[in-house]
Colleague: 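Just passing along the structure, written as structure tokens.
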2 protein chains.
Amino acid sequence: MSSPPVPAASPRPRQRRKEARPAELTAAALRLFVDNGFAATRLEDVARLAGVSKGALYLYFENKEALFEAVVREGILPTLEEGEAMIAAHRGCRAELLRALVLGWWELVGATPYGGIPKLIIAEARNFPGVVHFYHEQVINRGRRLLAQVLQEGMDSGEFRPMPLATAVDLVLAPVLMLTIWRHSIHGVLGDMPQHEPGLYLQTHLDLLLQGLLRQPGSTA
Amino acid sequence: MSSPPVPAASPRPRQRRKEARPAELTAAALRLFVDNGFAATRLEDVARLAGVSKGALYLYFENKEALFEAVVREGILPTLEEGEAMIAAHRGCRAELLRALVLGWWELVGATPYGGIPKLIIAEARNFPGVVHFYHEQVINRGRRLLAQVLQEGMDSGEFRPMPLATAVDLVLAPVLMLTIWRHSIHGVLGDMPQHEPGLYLQTHLDLLLQGLLRQPGSTA
DNA sequence: AGAATTACTGACTCAAAAGTCAGTAATTCT
DNA sequence: AGAATTACTGACTTTTGAGTCAGTAATTCT
């Protein structure tokens, strides 16, 4: 229980890397915030995971809340433009586009550390109304508009059956979000579900969804 | 800013109600844990909301973690037996049973304070692996088995198309869970979505799902 | 090279919230 | 009624972690 503290084989000489620090700190904070929650995360641990001292963290972020906000703001970047580009460039049926958007999102966001942000937002919503407003405007609603457009076009062209638009959008999203949420909560604890390979899960989701949406079933699957 | 503290119109003479306290305390704790998260909830606030002092709370619960565990354990009671009874009693097609189970769950659990527990478990999973194991065994897997049975019977009888069973179960659950999670996080902050009346949302979910599942579309909806 | 600058450290302070317990007032017992 | 019991209180101690800052060492300037 009381072995002498290991001298940490050459504790790596102090480095000065002003440019890289903020991104390294937000990456570390994202990981710990998602895993443990905001309140239960110690800034000393964030700093250590990023390879600096707690003092250094405060050189780059006013306080814990500012770090949280930075984490969320950073999480938007790698996402929506891609989707908006895809939707503009796409030729072919809306069903294929829908598949591409969902699977693309999974690869670009869901499967990366940023996939933890939905869980984080959900868990901390009541403590950070400002951040929620921001995220809702910049991410949620923007993503919804994207999907709504695809569904609307599909309905207009007769490819999809008519449906309540806003509700249908959320029904496309729900399984995708649950997948990432699960990964960052219960799955992380249990090592659950061999059969829940994300690819198969999303494919089945899309199959089921499209069979429900398509006027002529089988025309795409 | 500094009006004299209101004497709290007859501060209600001290009461002794050994029997009722634990349930009142867990009810208060459920509310605050779901709203603010475990770490961000002060036990003094839990006690005040339950109408007792902090000291009294410690007469009934060892510590904060024990209170959390009690909250989750209590949340199972009003649920699964009902579903298992329904499934045993039901005559008629599996599609109707599926509708009844989903809508029944919403009324009995989702729309009540217990509807906050999924969000709570998700948010705190990494900090309470023991509780997650318990919940997974006692609630999640049991609920899944229930739905799997219905889907399997439907497939066997030819009412439903064949599908990967475990995945299909989770696709039934995802929108239902997202509905409760949303209510207790983002919705609570934004007063969001007039059109997201839970009834319509769940009906649309079931319509869409069944159109995908049914071999002869229209035979139920 | 040495001087000047500044990114970084870690021991410190301080506030807040978990947990304790001697005392108080309902209730029950005789 | 008074004595004995015990559910409850709230002021207290202890612990924890956010936030600070005087000092240190890497880098740049001359």
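Basis for what follows: all heavy atoms, side chains included, without hydrogens, waters or symmetry-related copies. The sequence lines fix the lettering, A, B, ..., with proteins before strands; numbering per chain opens at 1.
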Colleague: For A:Asn36 and D:dG17, what is the distance between atoms CG and P respectively, to the nearest whole Å?
Modeller: 11 Å
Colleague: Compare the minimum distances between each of D:dA7, D:dG19, D:dT9 and the side chain of B:Lys18, then state the nucleotide with the smallest one.
Modeller: D:dA7
Colleague: Only one of B:Tyr135, B:Phe134, B:Phe38, B:Phe33 clears ring-ring contact (aromatic ring centres under 6.0 Å, His included) with B:Phe128; which?
Modeller: B:Phe38
Colleague: Can you tell me how far P of C:dA18 sits from CZ of B:Arg42, to the nearest Å?
Modeller: 8 Å
Colleague: Side chain of A:Leu59 only, please: which of D:dT9, D:dG19, C:dC8 is the nearest?
Modeller: C:dC8
Colleague: Between A:Glu65 and B:Ser53, who's closer to the 5' end of DNA chain D by nearest nucleotide?
Modeller: B:Ser53
Colleague: Could you state the atom-to-atom distance from CG of B:Asp45 to C1' of C:dA17 in whole Å?
Modeller: 10 Å
Colleague: Which nucleotide, D:dA18, C:dT9, D:dA7, lies nearest any side-chain atom of B:Arg14?
Modeller: D:dA7
Colleague: Return the nearest nucleotide to the side chain of B:Lys54; candidates are D:dA18, D:dA7, C:dA18.
Modeller: C:dA18
Colleague: On the nucleotide D:dC8, are OP1 or OP2 found under 4.0 Å from the side-chain N or O atoms that B:Arg21 carries?
Modeller: yes
Colleague: Both B:Arg16 and B:Ala56 contact DNA chain C. Which one's nearest nucleotide lies toward the 5' end?
Modeller: B:Ala56
Colleague: Do B:Lys64 and C:dG19 share a donor-acceptor pair, side chain to base, under 3.5 Å?
Modeller: no
Colleague: Closest to the B:Leu43 side chain: C:dG19, C:dT24, D:dG19?
Modeller: C:dG19
Colleague: Assess, by modelled atom type and distance only, whether the side chains of B:Arg99 and B:Gln203 contain a donor and an acceptor separated by less than 3.5 Å.
Modeller: yes
Colleague: Find which nucleotide of DNA chain D each of A:Ala40 and A:Gly55 is nearest to by heavy atoms, and output the residue with the more 5' nucleotide.
Modeller: A:Ala40
